[in-house]
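One structure is given below, encoded as structure tokens.
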Amino acid sequence: MKYLLLVCWDAEKMNGLIEPRAGETEAEESFPWLEDLQARGIWVTGDQLAPPRRARSVRVQDGKSLVTDGPFAETKEAVGGFDILECDSLEEAVEIAARHPVAAIGTIEVRPLWSS
């Protein structure tokens, strides 16, 4: 079954990050947590998200789109990335989430995907 890990951490710190310029690539750095999951065939996909300051929240009321800057909810933590894993159980996905490097400074929310 597939599980989504929502990687949440300090929104202010995310907003303070310098964004890469178009065409710039970051230097490859070692990420043992990810490398282990890839080697075991568990990691499906994932990515880091742009900071909350780049977000737009969209709602539709009475047929009209309402767009606001940033995340809709005021919170100290925001979703900063995601991973999709293929695991045998929710317990396995939770164990893997507990080893995610951001779990020590933020929150990893684990949710099963209904479509898997």
Distance from F31 atom CZ to Q38 atom CD, nearest 0.5 Å?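 So the gap between those two atoms works out to 10.0 Å.
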
Once you round to the nearest 0.5 Å, how far does CG of L4 lie from CD of E109?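 Atom-to-atom, L4:CG and E109:CD are 8.0 Å apart.
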
Please tabulate, one pair per line, all N/O donor-acceptor pairs under 3.5 Å involving side-chain atoms of residues 90-104, not counting sequence neighbours.
residue, atom, partner, partner atom, Å
E92, OE1, D88, N, 2.7
H100, ND1, V102, N, 3.0

Looking only at heavy atoms, which two atoms of [X] and [Y] are closest? And how far apart?
X: M14; Y: G80; result: SD-CA, 3.4 Å
X: E77; Y: G106; result: OE2-CA, 3.5 Å
X: R53; Y: G16; result: NH1-N, 4.0 Å
X: K2; Y: E86; result: CG-OE1, 3.2 Å

Matching residue for L85 among T45, I42, V110 - test: side chain to side chain contact (heavy atoms under 4.5 Å, CB included):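 For L85, the side chain to side chain contact (heavy atoms under 4.5 Å, CB included) check succeeds only for I42.
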
Scan V67, T68, L66 and name whichever one has a side chain to side chain contact (heavy atoms under 4.5 Å, CB included) with V58. V67

State whether the number of non-hydrogen atoms from other residues, nucleotides or ligands found under 6.0 Å of E12 atom CD is greater than 12. no

Closer than 3.5 angstrom, by distance alone: can the side chain of D83 be matched with the main-chain N or O of L5 as a donor-acceptor pair? no

Give the C-alpha distance, both sets of side-chain angles, the deciding distance and a yes or no for side chain to side chain contact (heavy atoms under 4.5 Å, CB included) between L113 and Y3. CA-CA 6 Å; L113 297 180; Y3 295 88; over 6 Å; no

